[in-house]
Amino acid sequence: MDRSAAVPSSPLARAEQFVWLTARVLEQRRFAYHFLGGGADPVETALTAYLGDDGGYGHALEPDLRGPHSRPQHAAHALRVLDGIGRCGGRRAEGLCRYLTEITTPDGALPAHHPAPPGAPMASGGPMASGGPAAEDRAGDLLTTGPVVGLLHRNDVWHAWLFRATDFCWAAVAALEERAAPRAEEILAAVAFLGGAPDRPRALAAAERLGRRVRKQRLVALDPEAAQDTPPPQGHPPGRRIFVHEVAPTPGSPARAWFTDAEVERSLDFLADSQCEDGGWPLRRSTRAPGAALESRPIVTIEALLTLRAYGRAL
């Protein structure tokens with residue numbers, strides 16, 4: 001019997017098969033919403049399974065952080081999901097902001113690693129293994145604070161917590177502009193904040209200055225095919241590169257102006273060509289727990305499809 005008709009041919013059809021075969025319920029619902037005309041309610045219902053009694057999110061919503069306890073990184077992940085379905089406000093945002101207030105550092109921001117409750121399970125070998133620093137010793141971090149603040153502002157959420165957190169992000173981005181070698185993740189966090197910051201002229205001016213430094217120090221791989229042949233910037237781990245489409249995942253990103261049309265198209269070609277035989281996109285970073293890579297690939301796949309569609313690429 002000829003089975004060729006059963007083999008998905010388009011990138012979207014292949015990705016759909018991958019999602020149904022491998023993804024968690026949340027990612028299946030997200031895929032259905034973004035690409036199959038599904039509703040927002042099922043996505044929000046699936047996300048609720050990760051909601052904790054403290055108003056934060058846990059239970060490995062961000063797959064690399066195992067265990068049931070709430071983390072700042074889970075909050076950013078939840079906000080990205082809610083932003084994508086237009087449900088980033090209301091009581092859920094208020095509850096999340098209360099949680100953020102409770103874990104805020106003395107400088108008004110979010111810590112990189114919020115201490116887990118005694119005896120709570122967590123991935124071995126990673127920075128979570130020690131439980132994190134004591135509350136009075138914690139310092140705010142742009143990596144966790146920037147994406148959360150940017151998404152809340154982007155959705156016109158106003159809460160008392162945002163005032164000091166926003167000031168922290170402005171100062172952190174300014175400091176980043178002066179750093180000798182900003183890390184890839186710091187650049188992404190800065191762009192996430194600047195993309196939603198309410199003072200648009202100030203945000204665009206800060207993005208322009210940061211972009212000049214990024215290009216001068218070659219912190220973004222402008223030629224993805226040659227990325228692995230180029231030594232990483234000083235202080236960056238071997239093999240870690242960020243690509244144009246990661247820094248500017250939509251044409252409306254404040255980082256889009258950093259790159260020429262040709263550089264964007266080359267990066268999008270690379271992204272489109274990276275789809276694996278199983279229909280999903282590869283995970284280009286290491287993980288701390290065995291299940292994290294399996295759960296992360298459907299997330300990366302949805303993000304890849306959303307970026308390609310945002311730039312008008314056929315799916």
Side-chain angles (χ1 to χ4, degrees), residues 62 64 72-73 76-77 79-80 83 109-113 127 139-151 153-154 165-166 168-197 199-200 202-224 226-228 230-260 263-264 266-268 270-271 283-286 299-300 303-304 306-307 310-311:
E62 181 66 40
D64 207 28
Q73 294 89 339
H77 192 124
L79 287 172
R80 284 193 296 270
D83 176 67
L110 298 177
H113 307 301
D141 198 300
L142 180 64
L143 296 181
T144 48
T145 312
V148 170
V149 173
L151 282 166
H153 279 308
R154 169 184 165 92
T166 301
F168 171 89
C169 288
W170 283 124
V173 170
L176 195 64
E177 296 169 16
E178 303 300 325
R179 286 269 300 280
R183 290 180 292 156
E185 290 76 11
E186 291 174 317
I187 296 168
L188 296 175
V191 172
F193 165 68
L194 295 173
D199 189 340
R200 298 314 301 155
R202 183 180 180 183
L204 294 176
E208 182 180 3
R209 293 191 299 270
L210 183 59
R212 287 198 297 267
R213 175 169 290 275
V214 165
R215 290 195 68 95
K216 181 179 180 180
Q217 296 186 284
R218 302 172 65 186
L219 300 177
V220 174
L222 301 180
D223 184 357
Q228 299 305 319
T230 305
Q234 185 177 4
H236 285 235
R240 176 60 174 128
R241 299 292 188 277
I242 53 173
F243 302 107
V244 172
H245 63 265
E246 291 181 273
V247 184
T250 69
S253 167
R256 172 60 184 86
W258 300 356
F259 310 107
T260 67
E263 289 166 347
V264 171
R266 185 163 53 200
S267 190
L268 292 173
F270 174 78
L271 177 62
L283 186 64
R284 300 186 183 279
R285 59 175 175 79
S286 60
I299 299 172
V300 171
E303 292 172 348
L306 288 172
T307 293
Y311 281 98

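The analysis underlying the following values was restricted to heavy atoms, covering all of them including side chains, and did not include hydrogens, waters or symmetry mates.
- Between the CD atom of Glu177 and the CD atom of Glu208 there is a distance of 10.5 Å, given to the nearest 0.5 Å.
- Across all non-hydrogen atoms, the minimal contact from Pro224 to Arg266 is CD-CG, 4.1 Å.
- Applying the ring pair (Phe, Tyr, Trp, His ring centres under 6.0 Å) test to His153 and every residue at least two apart in sequence or in another chain returns Trp158.
- Looking only at side-chain heavy atoms (C-beta outward), Lys216 and Arg212 stay at 4.5 Å or farther from each other.
- Side-chain contact between Leu143 and Arg183 is present, with heavy atoms from C-beta onward closer than 4.5 Å.
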Subject >> Stepwise side chain to side chain contact (heavy atoms under 4.5 Å, CB included) check, Leu110 with Asp141 >> reply: CA-CA 6 Å; Leu110 298 177; Asp141 198 300; over 6 Å; no

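- Under the 4.5 Å side-chain criterion, counting only non-hydrogen atoms from C-beta, Leu176 is in contact with Leu142.
- Heavy-atom minimum distance, Thr250 versus Tyr311: O-OH, 3.2 Å.
- Under 4.0 Å is where a charged nitrogen must lie from a carboxylate oxygen, and between Glu186 and Arg179 at least one such pair does.
- Remark: Arg213 CZ is packed, more than 12 non-hydrogen atoms of other residues, nucleotides or ligands lying under 6.0 Å away.
- For Thr144 (side chain) and Pro111 (main-chain N/O), a donor-acceptor pair under 3.5 Å exists by modelled atom type.
- In this structure, Val191 and Pro254 have side chains that are in contact, with non-hydrogen atoms separated by less than 4.5 Å.
- Partners of Trp258 according to the ring pair (Phe, Tyr, Trp, His ring centres under 6.0 Å) rule, which considers only residues two or more places apart in sequence or in another chain, do not exist here.
- A pairwise comparison of heavy atoms in His245 and Ser267 identifies ND1-OG, 2.7 Å as the closest pair.
- The two residues Ala76 and Leu151 come nearest to each other via the heavy atoms O-CD1, 3.9 Å.
- By the 4.0 Å N-to-carboxylate-O rule, Arg80 lies close enough to Glu62 to be salt-bridged with it.
- With a 4.5 Å cut-off on side-chain heavy atoms, Arg215 and Leu222 count as touching.
- Of the possible donor and acceptor atoms, none in the side chain of Glu178 sits under 3.5 Å from a partner among the backbone N and O of Ala175.
- Between Ile242 and Leu219, the closest side-chain pair of non-hydrogen atoms is not below 4.5 Å.
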**OP:** Apply side chain to side chain contact (heavy atoms under 4.5 Å, CB included) to the pair Asp199 and Trp170, showing each step before the final yes or no.
**Re:** CA-CA 10 Å; Asp199 189 340; Trp170 283 124; 4.1 Å; yes

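- Shortest non-hydrogen contact noted between Ala248 and Ser253 is CA-OG, 3.6 Å.
- Ionic pairing of Glu185 and Arg285 is not present here: no N-O contact between side-chain nitrogen and carboxylate oxygen is shorter than 4.0 angstrom.
- The aromatic rings of Phe243 and Phe270 are tilted relative to each other, their planes meeting at an angle between 30° and 60°.
- Looking at Arg256, its side chain does come within 3.5 Å of a backbone N or O of Phe259 through a donor-acceptor pair.
- Heavy atoms only, all atoms of each residue included: Val244 and Val220 are closest at N-CG1, 3.6 Å.
- The CG atom of Leu271 lies 10.5 Å from the CD atom of Glu303; values are rounded to the nearest 0.5 Å.
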